[in-house]
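These notes are about the structure you will find just below.
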Protein chains: 2
Amino acid sequence: MLNSGINRISSKELSERMGITASQIRQDLNCFGGFGQQGYGYNVESLYKEIGRILGLDNNFQTIIIGAGNMGRALANYKNFEKRGFKLIGIFDKDPKVVGQKINDLDVRHIDDLQKFTQENKVDIAMLCVPHDETPIVAEKAAACGIKGLWNFSPMELKLSHSNVNKNIVIENVHLSDSLMVLGYKINEMMKANKNELPR
Amino acid sequence: MLNSGINRISSKELSERMGITASQIRQDLNCFGGFGQQGYGYNVESLYKEIGRILGLDNNFQTIIIGAGNMGRALANYKNFEKRGFKLIGIFDKDPKVVGQKINDLDVRHIDDLQKFTQENKVDIAMLCVPHDETPIVAEKAAACGIKGLWNFSPMELKLSHSNVNKNIVIENVHLSDSLMVLGYKINEMMKANKNELPR
DNA sequence: TAGATTGTTAATCGATTAACAATC
DNA sequence: TAGATTGTTAATCGATTAACAATC
């Protein structure tokens with residue numbers, strides 16, 4: 001809306017765009033503050049800023065990627081993250097053939113240099129893109145370095161060992177398989193509703 | 001559990017592993033059928049099969065990837081999908097430098113060959129890994145070819161044009177930025193709770 | 001001032017949890 | 001038969017929606 005030059009919106013209009021009720025928009029926003037104005041609605045720019053503040057996007061989180069395979073590279077090239085306040089400052093891998101390569105102006109470092117790197121640089125978030133079976137070990141390492149958030153891409157619910165549970169660390173799991181299975185389920189439901197089986 | 005040789009589990013044990021109540025497990029499963037047995041619990045193998053059936057994993061969905069960039073390649077190398085009943089049978093791109101390359105035993109085809117390909121092969125799902133601005137066009141193309149599900153990786157809520165809305169097609173959006181912002185939010189909350197600001 | 005739209009309270013709805021009879 | 005645990009009904013809780021006074 002900002003880009004389209006819309007500078008004012010009511011909860012009613014927003015509800016139509018978002019497919020939820022106006023009540024819910026007002027109710028939810030009011031959990032964080034009174035961002036609107038009676039008789040006017042919401043100012044798009046200020047609402048945008050407030051939501052950014054709620055999400056903490058003004059924190060400028062410093063992030064690293066661990067695992068420079070295809071997924072790691074894909075994330076490194078995602079332009080959107082920086083726009084949202086997540087700055088990529090390092091990429092790590094254990095493969096000597098990959099270490100030293102340049103990805104997006106960043107040298108791939110050896111995973112053994114992680115501790116030194118985190119001592120010299122503030123690292124908030126590690127994006128874990130290593131193979132399935134290496135994830136728990138790498139996660140423990142990252143936790144030991146004082147990283148505050150782990151973004152896990154391996155198809156497992158990542159949990160930390162007891163010694164690290166008390167450390168202040170947040171884990172967000174991205175379960176791609178789950179999402180794909182949901183798609184499969186919905187396709188099924190659709191086919192059933194249409195009474196034509198999957199033609200197989 | 002299957003792999004660990006556990007062949008029987010009660011809703012209580014499951015609830016402890018999953019961090020939800022036993023009531024909810026029984027309630028939810030019973031939406032789909034009575035898979036347990038009084039006094040015994042659930043047979044792990046049969047429960048696994050039943051859940052697979054609910055999700056439609058026995059459908060063996062045929063999938064293609066559109067966009068052979070880093071994300072497309074990452075997905076092509078994900079071993080887990082096949083295990084869950086999603087078979088990758090084609091990869092498409094529009095870049096002549098990429099078309100013809102081999103990824104995981106599959107030749108990258110030109111996007112212009114999509115229609116012909118879908119006529120000759122049953123394609124259920126297209127994974128969309130093309131840049132942001134190309135996604136809507138590619139999605140329309142895929143929809144026109146009779147593909148039943150779109151798995152969208154670009155950072156936008158994908159919607160189809162009116163002509164395709166009535167076509168039977170399901171869209172599942174993977175919003176990686178959203179997930180990352182949730183992680184950022186949680187880190188924030190944690191820091192606030194600990195009363196130490198993000199040290200920046 | 002009149003109209004619009006918020007913030008907020010009250011009513012409704014749905015989802016989670018608790019309880020227990022049925023039954024393996 | 002006794003013990004365990006389900007399937008299912010009833011009670012509770014929380015989230016969504018509706019309504020409206022406050023106010024820009």
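Everything numeric here is computed off the predicted structure, so don't read it as measured data. Just so it is clear: chains get the letters A, B, ... in the order the sequence lines come, proteins before strands, and each one is counted from 1.
For CG of A:Asp105, the number of neighbouring non-hydrogen atoms (other residues, nucleotides, ligands) closer than 6.0 Å is 12 at most. Around the NZ atom of A:Lys97, the shell of radius 6.0 Å holds no more than 12 heavy atoms that belong to other residues, nucleotides or ligands.
Residues A:Glu189 and A:Lys192 are paired through a salt bridge, judged by an N-O separation under 4.0 Å between the basic side chain and the carboxylate. Between A:Lys49 and A:Glu45 there is a salt bridge, with a side-chain nitrogen of the basic residue lying less than 4.0 Å from a carboxylate oxygen of the acidic one.
Side-chain nitrogen and oxygen atoms of A:Gln37 include none within less than 4.0 Å of the OP1 or OP2 phosphate oxygen of D:dC24. Listed pair B:Tyr42 / C:dC24 fails the phosphate criterion, with no side-chain N or O lying under 4.0 Å from OP1 or OP2. OP1 or OP2 of C:dT6 sits under 4.0 Å from a side-chain N or O of A:Ser11.
Among D:dC24, D:dT17, C:dA19, the nucleotide with an atom closest to any side-chain atom of B:Ser23 is C:dA19. The side chain of B:Gln38 lies closest to D:dT6, out of D:dT6, C:dT17, C:dT6.
Residues from residues 26-34 of chain B lying near DNA chain D, meaning a heavy-atom separation below 4.0 Å, are B:Arg26, B:Gln27, B:Asn30, B:Gly34 in numerical order.
Rounded to an integer number of Å, the gap from A:Glu13 CD to C:dA4 P is 13 Å. Rounded to an integer number of Å, the gap from A:Phe35 CZ to D:dC24 P is 17 Å. Protein atom CE of B:Met18 is 12 Å distant from nucleotide atom P of C:dT16, rounded to whole Å. Taking atom CD of B:Gln24 as the reference point, atom P of C:dA18 lies 11 Å away to the nearest angstrom. Atom CD1 in B:Ile25 sits roughly 15 Å away from atom C1' in C:dA18 (whole-Å rounding). Distance A:Arg8 CZ to D:dC24 C1': 11 Å, rounded to the nearest Å.
Counting non-hydrogen atoms under 4.0 angstrom, A:Thr21 reaches the backbone sugars and phosphates but no base. Residue-level contact check: B:Ser10 touches the backbone only, with heavy atoms under 4.0 Å from sugar-phosphate atoms and none from bases.
Remark: aromatic rings of A:Phe81 and A:Trp151 are close, center separation under 6.0 Å.
For C:dA10, the paired nucleotide is D:dT17, the pair qualifying as Watson-Crick or G-U wobble because both relevant distances are below 3.5 Å. Under the Watson-Crick and G-U wobble criteria, each requiring two contacts below 3.5 Å, nucleotide D:dC24 is paired to C:dG3.
Remark: B:Thr118 OG1 to B:Ile64 CD1 distance equals 7.5 Å, nearest 0.5 Å.
For the pair B:Arg109 (side chain) and B:Phe92 (backbone), a donor-acceptor distance under 3.5 Å is absent.
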